[in-house]
2 protein chains.
Amino acid sequence: MTVDASAPTGTPASAPSPVPALTERQEARRQRILRATQQLAARGGFDAVQMREVAELSEVALGTLYRYFPSKIHLLVATMQDQLEQLHDQLRRKPPISTDPGERVAETLMRTFKALQREPHLAEAMMRALTFADRSVSAEVDSVNRLITDVIGDAIHAGRQLTRAELAAVRVVTHTWHSTLITWLSGRASISQVKADIDTACTLVSQAAGAE
Amino acid sequence: MTVDASAPTGTPASAPSPVPALTERQEARRQRILRATQQLAARGGFDAVQMREVAELSEVALGTLYRYFPSKIHLLVATMQDQLEQLHDQLRRKPPISTDPGERVAETLMRTFKALQREPHLAEAMMRALTFADRSVSAEVDSVNRLITDVIGDAIHAGRQLTRAELAAVRVVTHTWHSTLITWLSGRASISQVKADIDTACTLVSQAAGAE
DNA sequence: CGCTAATCTAGAACAAGTTCCTACTCCGCC
DNA sequence: GGCGGAGTAGGAACTTGTTCTAGATTAGCG
């Protein structure tokens, strides 16, 4: 369960410290693994992502898979990082259009939610992994949280730093986002309920941004 | 993974429909199982709750354990129900004393948080189970959510029904509560951060109660 | 009391995540 | 071009949640 610092676990684009820079073949392997994971997850969710199958589908030995991603949770959290980066790019190209900051955040999250609805099984797999992650995945989960916070920060307004009050509001928004998503994914809330929860939380952002 | 309706899974004190009313020995077994679960969870958290050990410690065969609780997740969620009921009783005896509704909710949750801090491993086990639960545990998870909502509802003011706006606020509060707890339990947030998040979310309750 | 069905015990068996081992291959370097 | 070590393939082995089976025990009832 301990993370081996020498393993090629982190994203290559992060810190220059313990990341040994993957060779081309290694980067290709990593991509194959992530693609296989997405494929299996999209088909049957968390349970369908079986390490042996991921290994087989990505044409990599089981031991190699574990060298790249030290656990199933790490693998799925990395998949989420991957997806979030794509999403962030898309959102940068087409920013939300509302005038109120809170509404822009809500718009952004609803757009993200729509994207997740297209692959509900994949969403389920990633979110289950994210909330089930223990301390050994802290760094990766933190990175995911930072990505989401960035996405929301951009929606409030790209450029300036967020105020203290805005940051507090954003924290509650991300908590609500995660938790309401989980509730939806396990069939205990409707889509409109998710939307309502997001909207409620986003009023905090409007207030915080208005009172600056 | 399917719940067998004939199994003695539900709390005996609930609906009179499919619950066959446990005999004394059966109720004793159920209690032994729950106590063993708490004991193991308190020692080492989610991973330390191993079904074979629970069975052994509660002097019940493995098959019997599974008859009472169809999965480890069911078992831990039932443990949480148990704990929450105790908590609710305690809170009823000593209600929060603040004057503002939002502050009463915050006070209630912080008191609950302090209780959880006394057995962090147990808290971890229960919360991990709660968020990892899939559709087969919907009913039980819903019941837990209802309990928490009731606790918060009582804090707002026991007696009257909540308004629509209050309900929306309470939903965000519970989302924030769950998610910030998970963040704390996996070592990614400090205690004061948890408190701050709860306070932020609770301002929504103050507003909703003020605008009624 | 004696019967029958349900429940329980003990333990084997199975499934999937994880670890470990051995031989083979690739990479950087002399 | 050859060497040494890191990386990889292939697969056995181990762990723990879950299921299944066969033989006791118990509960309820005539």
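It should be emphasised that the depicted structure is a prediction, and the values quoted were computed from it without experimental measurement. Proteins get letters first, then strands, A, B, ... in listed order; numbering begins at 1 in each.
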[X] side chain near [N] phosphate (N/O to OP1/OP2, under 4.0 Å):
{"X": "Arg25(B)", "N": "dT25(D)", "answer": "no"}
{"X": "Gln26(A)", "N": "dC26(C)", "answer": "no"}
{"X": "Tyr66(A)", "N": "dT8(D)", "answer": "no"}

Counting only heavy atoms and a strict 4.0 angstrom limit, can you tell me which residues of residues 55-64 of chain B come near DNA chain C?
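By residue number: Glu59(B), Val60(B), Ala61(B), Thr64(B).
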Should the side chain of Arg67(A) and the base of dG7(D) be counted as holding a donor-acceptor pair, with the cut-off at 3.5 Å?
no
Could you state the [atom1]-[atom2] distance from [X] to [N], rounded to the nearest angstrom?
{"X": "Glu24(A)", "N": "dC26(C)", "atom1": "CD", "atom2": "C1'", "answer": "14 Å"}
{"X": "Tyr68(B)", "N": "dT9(C)", "atom1": "OH", "atom2": "C1'", "answer": "13 Å"}
{"X": "Arg30(A)", "N": "dT8(D)", "atom1": "CZ", "atom2": "P", "answer": "13 Å"}
{"X": "Ile73(B)", "N": "dT16(D)", "atom1": "CD1", "atom2": "C1'", "answer": "13 Å"}
{"X": "Arg32(B)", "N": "dC8(C)", "atom1": "CZ", "atom2": "C1'", "answer": "11 Å"}
{"X": "Phe69(A)", "N": "dT18(C)", "atom1": "CZ", "atom2": "P", "answer": "13 Å"}
{"X": "Glu27(B)", "N": "dA27(D)", "atom1": "CD", "atom2": "P", "answer": "15 Å"}
{"X": "Gln50(A)", "N": "dA15(C)", "atom1": "CD", "atom2": "P", "answer": "11 Å"}

What is the nucleic acid contact for Val49(B), judged by heavy atoms within less than 4.0 Å: base, sugar-phosphate only, or nothing?
sugar-phosphate
Mind listing the closest non-hydrogen atom pair of Arg128(A) and Ile182(A) along with its distance?
N-CD1, 4.5 Å
Considering non-hydrogen atoms only, spot the tightest contact between Val54(B) and Ala36(B) and give its length.
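Scanning both residues, the minimum pair turns out to be O-CB, 4.1 Å.
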Would you please name every residue forming a side chain to side chain donor-acceptor pair (under 3.5 Å) with [X], sequence neighbours left out?
{"X": "Arg35(A)", "result": "none"}
{"X": "Gln39(A)", "result": "none"}
{"X": "Glu119(A)", "result": "none"}
{"X": "Arg171(B)", "result": "Gln193(A), Asp197(A)"}

Reading DNA chain D from 5' onward, which residue's closest nucleotide shows up sooner: Leu65(A) or Arg52(A)?
Leu65(A)
Both Met51(B) and Arg29(B) contact DNA chain D. Taking the nearest nucleotide for each, which residue is further toward the 5' end?
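This one resolves to Met51(B).
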Of all pairs that satisfy side-chain hydrogen bond (donor to acceptor under 3.5 Å, both in side chains), the ones with a partner from residues 46-55 of chain A, not counting sequence neighbours
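As it turns out, there is no side-chain hydrogen bond (donor to acceptor under 3.5 Å, both in side chains) pair with a partner in residues 46-55 of chain A once direct neighbours are skipped.
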